[in-house]
S.K.: 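Structure in structure tokens, see below.
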Amino acid sequence: MTGLGHRLHRPGSTPVHRLPPQCKLVATAAFVLAVVCTPREAVWAFGGFALLLAAVAALARVTPGFLVRRMAVEVPFVAFAVLLPFVARGPRVEVLGLALSQSGLWSAWNILAKASLGTAASVLLAATTEPRQLLLGLERLRLPPLLVQIATFMLRYADVIVGEMRRMRLARAARGFDGRDVRAFGVLARSAGALFLRSYERGERVYLAMLSRGYDGRMPVLNEIAATRAQWAVAAVLPVAAVLVASGAWMVG
Amino acid sequence: MHVPDGFFDAPVSIGAGVVAAAGIAVSLRGARRELDDRTAPLAGLSAAFVFAAQMINFPVAAGTSGHLMGGALAAILVGPYAGVLCISVVLLVQMLFADGGVSAYGINVTLMALVGVLVGYGVFRLVTAALPGSVPAKAKVTAAAFLGALASVPASALTFVGLYALGGTADLSLGAVLTAMLGVHLLIGIGEGVITALTVGTVAAVRPDLVYALRGERTPLEIRSPRPAEV
């Protein structure tokens with residue numbers, strides 16, 4: 001539906017793709033919560049979580065390369081985590097001739113492990129579920145309808161606005177604009193203002209067109225996506241396994 | 001600025017989630033009053049706009065760059081309640097596309113949607129009220145938009161440090177976190193302020209009816225009659 005979604009979504013018909021979106025949303029959230037609650041000293045547990053995700057990825061035919069490339073969004077935080085052992089307080093340990101903070105090393109590991117697992121889980125969700133389906137799933141999970149509508153319109157318009165923005169950037173570049181200076185602020189901000197106006201007026205036209213076609217505040221549901229008990233049970237496998245691993249980590253650690 | 005999973009411990013993540021849910025619930029109720037029947041489409045459009053505007057990186061200092069948070073901008077354009085909803089939805093969609101952690105969603109909403117909008121719009125209102133009536137409405141709005149957006153970014157950063165003191169997972173000296181966050185975010189705040197002020201100024205110049213904060217302000221009707229041409 002949108003450029004955003006298309007970049008992440010991998011069409012397919014694997015069992016993971018076919019699960020109703022609301023099951024996958026709940027499973028992802030529960031999995032991530034289990035990961036976040038796991039004590040950081042239980043290194044083996046994070047290996048277990050990674051194996052679980054790898055199994056889901058294999059089942060969904062999502063290649064490791066795709067997964068790693070899509071995880072690039074967390075790079076700024078990786079940089080932060082790498083700095084931690086140098087700046088954190090507490091007793092120091094000698095690693096390769098560098099005096100590093102022990103607690104800093106643990107914190108860095110904690111952030112790296114949990115953020116990477118969380119990001120990988122979200123990437124898998126987005127890769128196996130269309131954006132529109134995700135919103136339908138949220139609607140079925142009783143997210144307030146106004147929020148779902150805003151999100152629906154946002155996804156619809158995002159492509160239009162990003163396309164408009166790209167054309168404006170091209171037009172600026174064609175006129176020799178090089179936005180690497182503070183003096184560029186004025187141009188960028190006026191572009192943002194023009195962008196808002198153009199998209200808003202377009203939005204008004206689209207809205208009137210929708211009204212004239214009978215829009216009453218809710219998109220018509222063309223195919224019901226009710227989930228059966230069996231589907232919920234299948235979706236529960238990942239979070240239940242993760243909770244088992246997490247509680248194992250608590251008992252051992 | 002999107003907090004990933006594992007950055008804060010579970011109690012703080014859950015606590016922030018509760019705060020975020022309460023804030024969104026209040027905003028849902030308030031937004032219906034702000035935007036009548038066009039609420040959803042226009043808020044969705046603004047959300048898409050903020051989403052796109054966040055992709056414009058502006059230079060901050062020596063090689064680093066920041067991007068718009070958009071809280072103050074959305075609040076001034078569509079109103080504070082709808083502004084909170086816009087930013088929350090932007091964060092939700094970004095989370096579904098793996099930018100920002102699932103367990104950190106409450107924290108991200110609290111930082112950027114609640115604090116960003118509250119402080120940004122609050123300062124904006126205070127400044128518009130404080131400026132004397134002799135200042136023309138549009139200049140007032142532009143100046144207030146600058147200050148509101150400028151204040152909203154370090155305010156979010158301060159809240160981040162506060163949450164960090166409660167439940168950060170790394171053992172850093174709070175002073176160091178505070179200095180680093182505030183320093184960088186003051187600079188980002190200036191960028192946010194300039195872009196917000198100029199954007200609001202541009203919209204106010206062309207379609208003042210679209211700026212929520214300008215509602216009720218009427219430009220006196222100006223009748224311009226062409227001077228009869230000399231024959």
Side-chain angles (χ1 to χ4, degrees), chain A residues 4 8 28-29 32-33 35-37 70 73-74 77 84 87-90 103-104 107 110-111 113-115 117-119 121-123 125-126 134 144 146-147 149-158 161-162 165 180-182 185-186 188-190 192-197 199-200 203 207 217, chain B residues 2 4-7 9-10 13 24-25 28 31-32 37-45 47-49 51-53 55-56 58-59 68 77 85-86 88-90 92-93 95-99 101-104 169-173 176 191 194-203 206-207 210:
Chain A
L4 298 161
L8 275 173
T28 310
V32 171
L33 283 183
V35 170
V36 172
C37 292
R70 290 304 163 213
V73 276
E74 59 158 353
F77 281 90
L84 271 177
V87 295
R89 295 174 298 185
S103 73
S107 312
N110 184 49
I111 291 175
K114 291 181 179 173
L117 286 169
T119 314
S122 307
V123 169
L125 174 67
L134 280 178
L146 185 57
L147 283 184
Q149 278 181 59
I150 294 180
T152 312
F153 279 107
M154 179 189 151
L155 281 178
R156 279 266 173 231
Y157 287 131
I161 293 186
V162 170
M165 197 171 79
R180 257 188 251 148
D181 203 311
V182 182
F185 268 28
L188 288 181
R190 256 183 288 278
L195 182 64
F196 182 82
L197 284 175
S199 1
Y200 203 102
Y207 181 64
Chain B
H2 292 50
D5 293 306
F7 216 79
D9 62 11
S13 305
I24 291 177
L28 277 173
R32 293 219 167 78
D37 63 319
R38 298 182 304 169
T39 307
L42 296 188
L45 190 95
F49 174 72
F51 183 86
M55 290 161 66
I56 306 179
F58 51 82
L68 208 66
L77 288 178
L85 295 183
C86 285
S88 304
V89 167
V90 169
L92 177 74
V93 172
M95 178 192 83
L96 289 179
F97 296 144
D99 189 4
V102 174
S103 67
T169 52
D171 183 20
L172 289 172
S173 82
V194 172
I195 293 197
T196 304
L198 288 175
T199 308
V200 172
T202 309
V203 179
V206 185
R207 292 272 314 258
L210 294 187

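Lettering follows sequence order; numbering is per chain, from 1. Note that the coordinates shown come from a computational prediction; the quantities given were computed from them, not determined experimentally.
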S.K.: Classify the angle between the aromatic ring planes of A/Tyr200 and A/Phe196 as parallel (below 30°), tilted (30 to 60°) or perpendicular (above 60°).
M.R.: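 Geometry flag for A/Phe196 against A/Tyr200: tilted rings.
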S.K.: What residue, out of B/Thr199, B/Val203, B/Leu45, B/Thr202, has the most heavy-atom pairs lying under 4.5 Å from chain A?
M.R.: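 Most heavy-atom pairs under 4.5 Å with chain A: B/Leu45.
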S.K.: Can you tell me how far apart CD1 (A/Ile161) and CZ (A/Arg156) are? Round to the nearest 0.5 Å.
M.R.: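 CZ of A/Arg156 is found 14.0 Å from CD1 of A/Ile161.
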S.K.: Between B/Ala197, B/Gly201, B/Ala104, B/Ser103, which shows the greatest number of heavy-atom pairs under 4.5 Å with chain A?
M.R.: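 Sorted descending by pairs with chain A, the first entry is B/Ser103.
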S.K.: A/Leu147 versus chain B, heavy atoms under 4.5 Å apart: side chain, backbone, both or neither?
M.R.: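 Backbone plus side chain of A/Leu147, per the 4.5 Å heavy-atom cut-off to chain B.
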S.K.: Using non-hydrogen atoms only, which part of A/Ala121 is less than 4.5 Å away from chain B: side chain, backbone, both, or neither?
M.R.: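 Neither part, no heavy atoms under 4.5 Å.
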S.K.: Non-hydrogen atoms of chain A under 4.5 Å away: do they reach the side chain of B/Val200, the backbone, both or neither?
M.R.: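 Neither the backbone nor the side chain of B/Val200 comes within 4.5 Å of chain A.
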S.K.: Among B/Val102, B/Leu198, B/Asp5, B/Val206, which residue forms the greatest number of heavy-atom pairs with chain A at distances under 4.5 Å?
M.R.: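 Ranked by heavy-atom pairs under 4.5 Å with chain A, first place is B/Asp5.
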S.K.: Heavy atoms, side chains only, cut-off 4.5 Å: are B/Leu96 and A/Ser122 in contact?
M.R.: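 Answer no - side chains too far apart.
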S.K.: Determine whether A/Leu117 and A/Val32 make a side-chain contact, defined as any pair of heavy atoms from C-beta on separated by less than 4.5 Å.
M.R.: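 A/Leu117 vs A/Val32: side chains apart.
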S.K.: Determine whether a donor-acceptor pair (N or O, by modelled atom type, separation under 3.5 Å) exists between the side chain of A/Lys114 and the backbone of A/Val36.
M.R.: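 Checking the backbone N and O of A/Val36 against the side chain of A/Lys114, a donor-acceptor pair under 3.5 Å is found.
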S.K.: Can you tell me which portion of B/Leu92 sits under 4.5 Å from chain A's heavy atoms? Options are side chain, backbone, both or neither.
M.R.: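 B/Leu92 touches chain A through side-chain heavy atoms alone.
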S.K.: Would you indicate whether the side-chain heavy atoms of A/Leu146 and B/Leu85 approach each other to under 4.5 Å?
M.R.: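 Yes. Closest side-chain heavy atoms under 4.5 Å.
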